[in-house]
Amino acid sequence: MKARVEVHIQLKPGMLDPQGETLEHALTAIGYEGVRSMRVGKWITFEIEGDESDAVESQVEEMCDRLLANPIIERYEYHVMREES
Amino acid sequence: MKARVEVHIQLKPGMLDPQGETLEHALTAIGYEGVRSMRVGKWITFEIEGDESDAVESQVEEMCDRLLANPIIERYEYHVMREES
Amino acid sequence: MTQVPIGIVRFPGTNCDQDVFDAVAAVERACPVWLWHKETDLQGAKGVVLAGGFSYGDYLRAGAIARFSPIMEEVVRFAVDGGPVLGICNGFQILTEAGLLPGALMRNDRLTFVCRPQSLKVETADTLFTRQYERGQVISFPVAHAEGNFAADPAMIDRLEDECRVVFRYVDDRGGKGLDANPNGSINDIAGVINERGNVLGLMPHPDRAMDRMLGSADGRGIFQGLVEAAA
Amino acid sequence: MTVTLHDPLVNPEIVAAHGLTTDEYEQICALLGRDPNLTELGVFSLMWSEHCGYKHSRARLADLPSTGPQVVQGPGENAGAIDIGEGLAIVFKMESHNHPSAVEPYQGAATGVGGILRDVFTMGARPIALLNSLRFGELDDPHVRYLFRRVVAGIGDYGNCVGIPTVGGEVVFDDAYRGNPLVNAMCVGILAQNDLTRGVASGPGNAVYVLGASTGRDGIHGASLLASAELADDTAESRPTVQVGDPFSEKLLLEATLELIESGAAIGIQDMGAAGLTSSSSEMATRAGTGIEFDVSRVPRREPDMSPYEVLLSESQERMLVVADPHREPQLMTIADKWDLACTRIGSVTDDGIWRVFEDCEEVCAIPVEALTEAVPTYVREVEPPAYLASLHAWSPRPGWLDCVEPLAALATLISAPSLASKRWVFEQYDHHVRTATVIGPGADAAVLAIKGTQRGLALTIDGNGRYVYCDPYRGGALAVAEAARNLVAVGATPLAITDCLNFGNPEKDDIYYQFVEALRGIADACRALDTPVVSGNVSFYNQSSVGAVYPTPTIGMVGLIQDIEKRIYPGRAAVGDRLLLVGGDGAHLGASSFLKEVLGEVAGRPPTVDLKAERMNAEAILALNEAGLIGTCRDVGDGGLAVAAAELMFGLESGLGVELEIPGRAGPHALLFGEDGARYVVTVAEDDESRAAELLAELEVVTRACGRVTGDAAYHVVDVGSANRSVLQASSETSIPNAMRQTESNR
Ligand SMILES: Nc1ncnc2c1ncn2[C@@H]1O[C@H](COP(=O)(O)OP(=O)(O)O)[C@@H](O)[C@H]1O
Ligand SMILES: [Mg+2]
């Protein structure tokens, strides 16, 4: 079994995102008005190979919790796309 | 017209991504074997308000080209989701 | 003796502005002039320095936002007209983002900020900025950056090498390719490059921090002397 | 007077949930002449918390010496200030961010740096240096490695971005800190004495402004409450309160604040730290003896629907409260605009001594200012020495206990123990060169900065030894000050004053309270003897977790002056044949030492006795020797004793050089090599100067012994004991932390 995984990570809602704020100002300053609520997060992609296909989701979730995201300040989403093999 | 925009940015294929590599090693070391080709990119989300709905896509593309991504090292994708208003 | 005005650009977040100001002021005849990012006039500057630091916090990518400042239009025009422009550290990053220099500066391969004295080899003494040095000379400037990993496509790298536009290379204390000589993973150990016309130099290490033996090195003086002479 | 009571009525459960006792609640009612409403109760609970109100420490802190001719501003302001001549003052303070760093190490440490920077520039001083003092569990724990890496990154990224060099600090690893790391940050600034600005809300009728970031729900009941209660295992509960640092905004705020102060448009200014708007406004009014009123609906928000309670208590970062003459508002706004910062008028200074808050013109709080600041209950109690001390002190070595310990192997163990090993892995992540004044950076006994425009130099250090304080609180407190002073003297500086950060467990427990009181007594005695008053500081209690309390860890940040920077003593200035002198003479005290801990794995005995007279005399002797031009280089004898001091001295020498140590044959070599008795230094003197140096030292009645020489063979010898290869020793010091950090980590 082989799968492609995408993880999206962002600061939790309500937490200050200085990058997003600064970027939003910069865009406005160079003429892109109307940009709001900008947040800069991470996008992590990888492939994973394993035996039992069921376990992939729970494994990815664990990886997010333990290493990829910081659950204290970030929220994450993931998608697992199984590939034919 | 109001739209939600998501931009995905990643180092171009072929460019070394030390952050992805390091994370991949770290995951392997704590027991998640089988993880490959990890890349760490950016995920930028925002809302945009404008008059002419056609122009949004081209505006976002321009923002990506000019500021959000560096075309020398990065590639990007974006999605514009129009909202009812 | 006429004074040579040298403009030092201050973006929001620039933090080596005063260090560069002092370094320029230490050169005979030089007269440092502040250039605020919101201005649209170089105030008669005959040379321009983009100082190091963290313009706009280095948010998104180092140098990405600063290059849109009003003053940058003037800096680009000045450079295109052949005026001498020096970009140090964040200044180098801004110059690449602005397209005045090729390539890009990616995150250090070690993934952390690195601050240390750094030995450099002068690869060419045949530029406006390096006439005070000899080719092959090993000098020391401190480095202090998180995104100094120079990258460009292979064709551009070949061109830079062929045209002798790699001005400085990271080396170990003895001038060799030691194990830990390269602080950031930069390709071909590139520390600084110059544009085709030879009037725009960008480098990651800080000559502005190498102006006084008491601080570890005075090797940086030559660069500022070169700049002022070129501007005079 | 009518107070709007649209909040639910306060009941005993609510009072308890706010961490107030019934007694305290009754005092609040008496001060108000009525029951508080819920918003007011929240305000009291924060202002009367340990973190803001210093309930358990305030009375004891009064015993610290805080005056002297060098003191320009003592405790009570945002930071202390001392005179360094030529009309200049140095402003400095240290602060802890222990609990936020335990919860989220990167942001916790970063916002700690942000806060201490603001404390300094709010006084009108330009920050010129940062230092930090860190404590973690042992590095073999994957979660400890995670905390260590992220704390260092957070400190580095914040200071680097703002552009203030981090020039020194310390890191100690001990299991005592496993559940509760310590992160103390110190900032040092400089100003012309005339420009010193205080956090005062003076002049009724003057306007009150918020400058900087907008207000969100950050840290509501965050830092203050976190810092006032033990860390439970479910720290997940306190997670939403984590604040995110924005160093770019901080840099703008720094420049705008200094410009504002220089323009004369600001009368008073203070950063919003713990308990945000509430503490800054009430403290500014208290200092000026005025009242203050403002409308929370005018405060710029980051989030919709925030209640007055949330706005008042938010700990959003990078914000300042400014008091200014309303006629100068245009000037204020021009400066704010220049730096792209929001600046909003929210209220004014009054003359009735009341802290009054409105929401959309409706009054929601009306509290006498002093009830929030001065009327905080304080607790003092007498406690007995805890039983554990007696058993530690009963320790005595068994005969022959050291027979199997080979001294040079012990040295290698010590040198590569993470607490004593090179901290390059840490300080290479900090910009220590920016501002081009760092003459001696991290890695020496103390950092030295050039004071531009003068011949002077400033020496800075941070020191503390929790194990010592645990084993003997009084001695430990005094020795922390003495060690800091030795660090400064070793670079040729005269110590001037200190700031402190007092990290302890739960003060409501008797043994902890005893540690606190006794350590403070030791600090006070040492500061008096060494003429280094305490001009600022911070108390951090409740540093404990399910694995117990941390070692009681007061850390001392000390500032010293070098009149002529050319006369600094610097590492590495020695040549083959130079003599090594042990100023202060031999010591043999191994109780509570690094040798016991790192080599034998024991924490026992007492730290060395404190001889403050000798500390002072020997320090003066080093400075006199240096003044006479007789010192090559110098190292104070601290952790690991003479053996480690000599090794560190050697590491600073040109490659190719080594040292040869001689120790008197009578006792066993271990105690002489590794004893940590105080008031001692190793110096090198040129061969030709040896007799002059000896004469001078004899004249000053300082016990001194020739203890060896600098050699040309890149080796470390101890005569009649053995030798080791310099590069092997040095490599083991340099690689210890990087190697440990190559292992995997865990965020839990
Ligand atoms: N957290 C830190 N930040 C910056 N520098 C540090 C840090 N920890 C240690 N250092 C540097 O490493 C050197 C050695 O520290 P330490 O072993 O505590 O020295 P000493 O025993 O002389 O006080 C010091 O010069 C100090 O400046
Ligand atoms: Mg120390």
Side-chain angles (χ1 to χ4, degrees), chain A residues 5-50 55-78, chain D residues 100-108 110-111 114 142-143 146 150 153-154 157-158 161 212-220 222 235-252 301-306 310 314-319 340-342 744-748:
Chain A
V5 182
E6 299 209 19
V7 179
H8 284 95
I9 304 171
Q10 211 171 44
L11 284 168
K12 285 183 178 167
M15 301 212 73
L16 175 72
D17 178 359
Q19 288 209 70
E21 257 185 35
T22 305
L23 207 52
E24 186 177 309
H25 287 151
L27 284 166
T28 310
I30 62 174
Y32 302 99
E33 317 247 325
V35 173
R36 299 275 173 282
S37 320
M38 183 166 257
R39 313 283 282 177
V40 179
K42 279 183 204 155
W43 174 46
I44 303 178
T45 61
F46 56 96
E47 282 162 18
I48 190 163
E49 234 163 315
V56 176
E57 269 81 4
S58 66
Q59 228 184 14
V60 171
E61 175 134 0
E62 226 179 74
M63 292 195 291
C64 288
D65 272 333
R66 288 184 62 187
L67 198 67
L68 303 182
N70 178 354
I72 294 170
I73 55 173
E74 292 169 329
R75 66 196 181 92
Y76 61 84
E77 289 166 13
Y78 58 90
Chain D
S101 303
V103 174
E104 208 304 289
Y106 180 87
Q107 298 295 347
T111 51
H143 185 56
Y146 167 77
R150 297 300 289 161
D157 287 355
Y158 203 100
C161 184
S214 54
T215 298
R217 290 195 173 86
D218 311 89
I220 303 216
T235 35
E237 286 312 301
S238 42
R239 283 170 184 184
T241 64
V242 171
Q243 306 143 33
V244 175
D246 180 359
F248 171 54
S249 290
E250 179 95 341
K251 167 71 173 165
L252 302 180
R301 328 272 177 93
R302 206 173 68 228
E303 291 175 73
D305 308 321
M306 290 179 70
E310 290 175 314
S314 160
E315 294 181 352
S316 286
Q317 302 286 298
E318 292 94 18
R319 299 179 302 160
D340 301 322
L341 292 171
T744 59
E745 288 165 26
S746 160
N747 65 4
R748 297 182 272 222

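What's counted below: heavy atoms across the whole structure, side chains too, no hydrogens, waters or symmetry copies. We name chains A, B, ... by the order of the sequence lines, and we start the count at 1 in each one.
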| message | Given heavy-atom pairs under 4.5 angstrom as the criterion, report whether the side chain, backbone, both or neither of D:Tyr106 touches chain A. | response | neither
| request: Mind checking the CD-CD1 spacing from D:Glu104 to A:Ile72? Nearest 0.5 Å is all I need. | output: 6.0 Å
| Hey, what do you get for CD (D:Gln107) to CG (A:Leu11), rounding to the nearest 0.5 Å? | 7.5 Å
| query | Which atoms of D:Gln317 come close to chain A, meaning under 4.5 Å heavy atom to heavy atom: side chain ones, backbone ones, both, or neither? | reply | neither
| field | Residue part contacting chain D, namely of A:Ala29, when any heavy atom lies under 4.5 Å | value | neither
| CE/A:Met15 to CD/D:Gln243 distance, rounded to the nearest 0.5 angstrom? | 8.5 Å
| task | State the CZ-CD distance between A:Arg66 and D:Glu745, to the nearest 0.5 angstrom. | result | 12.0 Å
| said: Are there residues of residues 16-28 of chain A whose heavy atoms fall under 4.5 Å of chain D's heavy atoms? If so, which? | reply: A:Leu16, A:Pro18, A:Glu21, A:Thr22
